[in-house]
Visitor: 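Take this structure first; my questions come after.
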Protein chains: 2
Amino acid sequence: MASPDLPRPLRGDARRNRELLLDAARALFAERGVDVAMAEIARRAGVSNGTLYNRFPTRQDLIEAVFLDRLEKNVELAEQARVADDPWQGFVDYVTGICELQAADRGYNEAVTRGMTSPAAQQLQATATAALGDIFDRAQRAGTLRADTTIDDLAFVVWGISRTVDMTGDHTPRLWRRHLALLLDGFRAAAAHPLPEPPLAAGQAHQAMATD
Amino acid sequence: MASPDLPRPLRGDARRNRELLLDAARALFAERGVDVAMAEIARRAGVSNGTLYNRFPTRQDLIEAVFLDRLEKNVELAEQARVADDPWQGFVDYVTGICELQAADRGYNEAVTRGMTSPAAQQLQATATAALGDIFDRAQRAGTLRADTTIDDLAFVVWGISRTVDMTGDHTPRLWRRHLALLLDGFRAAAAHPLPEPPLAAGQAHQAMATD
DNA sequence: GGATAACATGACGATGTCGTCAAGTTCATA
DNA sequence: TATGAACTTGACGACATCGTCATGTTATCC
């Protein structure tokens with residue numbers, strides 16, 4: 001049957017409209033979050049809402065298409081941090097990097113929270129998780145990162161910083177760095193006091209915070 | 001002329017319906033947040049939506065009526081912590097207490113975030129803020145709480161924990177205590193590394209996090 | 001340059017929420 | 001117990017968003 005399951009390529013106008021929609025969605029997601037009205041995205045892109053639904057049948061499809069490159073950026077950050085000269089500095093740089101992604105785009109954290117289910121996204125997340133494991137191991141073996149933490153504890157950082165960005169981003173756009181500095185001091189081995197609860201199990205963390 | 005500006009007392013049935021509405025709203029706010037549909041609150045209370053709007057013309061009125069007693073609880077926690085034997089323990093107890101309030105009631109943090117504008121609420125917030133100032137001073141003078149933090153930095157704790165509760169409360173209801181422990185370790189003087197940004201100005205913090 | 005599949009359009013019905021109001025009912029007072 | 005004010009009711013119009021679909025248009029291929 002000569003059927004390679006490749007989807008046939010889009011027609012020229014359809015491809016152009018797809019790009020216009022992605023641009024519009026990217027901008028609106030960044031400033032107002034991923035729950036903006038679909039009709040508004042279409043209007044901003046200069047196409048009808050019918051076209052929007054033709055290209056992206058569900059909001060989730062649109063979200064995943066928009067944020068795939070942010071996931072790639074995330075992986076890139078992790079790869080750099082994994083080979084940093086100073087293990088602790090690598091850890092700090094990575095964490096700071098993903099927080100910067102969030103500070104720059106209100107929709108990013110919402111998208112990751114919702115979960116990215118496309119195969120491409122899953123793959124990137126797996127890669128980032130693996131690299132993050134190395135980053136953690138190195139920093140813990142160096143004795144700077146406290147030994148009783150897990151990569152799943154980074155969910156606290158991501159969640160907390162995104163909330164601070166939501167609350168203060170408009171008015172004091174750099175304040176989240178203060179929040180992060182306080183949090184990071186709590187991750188130092190020198191600061192360690194016993195933790196009262198076990199960390200999130202790996203599966204739960206993945207479900208809840210995806211990869212970043 | 002002979003006009004004490006006291007509002008006349010409600011009629012018996014109206015008073016009863018008011019209580020039914022408050023009970024219904026309290027329960028729904030706690031489990032689903034303060035944005036539940038007004039009609040659903042009325043239905044749960046067993047009255048018509050018209051009655052709901054008669055008693056509480058705006059959602060904000062209802063929210064403030066529901067959460068006033070939580071603010072009182074907050075003040076109570078602060079008064080206790082202010083006279084604790086160990087200043088650091090007092091600080092920890094207070095912070096843990098307000099986090100417990102949030103963990104028990106999804107609506108509480110939303111309500112405070114939105115701001116409580118009634119005179120009674122404002123007064124309670126002012127009292128709590130004053131007590132919190134003392135708690136901070138004592139713990140800093142004792143040398144356990146790092147000196148470069150401000151009461152406004154507690155906003156980070158409140159915001160972060162509420163987010164963690166939102167994300168994990170259903171599945172791992174005690175996990176937020178781990179998050180809090182990590183945060184508190186970052187507030188210890190022994191852990192202090194320089195902070196990159198100045199704290200929120202007092203006015204902004206009040207606006208943003210109210211009193212807790 | 002014509003035929004056809006791919007695509008775009010925007011009006012539409014469905015759904016959910018809000019706050020109001022005219023009409024009916026109940027409480028409180030004398 | 002009768003009267004008027006206080007209160008309750010639930011239907012209603014306004015609004016916003018969603019996803020669909022019949023119709024009209026455009027690109028692509030022979």
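Keep in mind that what you see is a predicted model, and the values were worked out from it rather than measured.
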Visitor: For D:dC18 and A:N49 - does any side-chain N or O of the residue sit under 4.0 Å from the phosphate oxygens OP1/OP2?
Guide: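 Checking D:dC18 against A:N49, no side-chain N or O comes under 4.0 Å of OP1 or OP2.
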Visitor: Given C:dC18, is OP1 or OP2 found less than 4.0 Å from the side-chain N or O atoms of B:R59?
Guide: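 For C:dC18, OP1/OP2 do have a side-chain N/O of B:R59 under 4.0 Å.
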Visitor: Any idea which of C:dA8, D:dG19, D:dT8 is nearest the A:T51 side chain?
Guide: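 So the nucleotide nearest the side chain must be C:dA8.
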Visitor: Pick base, sugar-phosphate or nothing for A:R18, based on heavy-atom distances below 4.0 Å to the nucleic acid.
Guide: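 Nothing, no heavy atom under 4.0 Å.
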Visitor: Scan A:R55 against the nucleic acid and name what it touches under 4.0 Å (heavy atoms): base, sugar-phosphate only, or nothing.
Guide: sugar-phosphate
Visitor: Which is more 5' along DNA chain C, the nucleotide nearest A:N54 or the one nearest B:A37? Just name the residue.
Guide: A:N54
Visitor: Of the nucleotides C:dC7, C:dT9, D:dT8, which has the atom closest to the A:L10 side chain?
Guide: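 Closest nucleotide among those given: C:dC7.
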Visitor: Heavy atoms under 4.0 Å, any strand shown: does A:R16 hit a base, just sugar-phosphate, or nothing?
Guide: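 No contact.
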Visitor: Supply the atom-to-atom distance B:L180 CG to B:E100 CD, rounded to the nearest 0.5 angstrom.
Guide: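 Answer rounded to 0.5 Å: 9.5 Å.
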Visitor: Which part of the nucleic acid, if any, lies within contact of A:D13, taking any heavy atom under 4.0 Å across all strands shown: a base, the sugar-phosphate backbone alone, or nothing?
Guide: sugar-phosphate
Visitor: I want to verify a distance call: between D:dT9, C:dA28, C:dT9, whose nearest atom is closest to the A:S48 side chain?
Guide: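 Of the options given, the side chain of A:S48 lies nearest C:dT9.
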Visitor: Just checking B:G50: base, sugar-phosphate only, or nothing, at a heavy-atom cut-off of under 4.0 Å?
Guide: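 Contact class for B:G50: base.
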Visitor: Does some side-chain heavy atom of B:D185 sit less than 4.5 Å from a side-chain heavy atom of A:R146?
Guide: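 Counting from C-beta outward, A:R146 and B:D185 do come under 4.5 Å.
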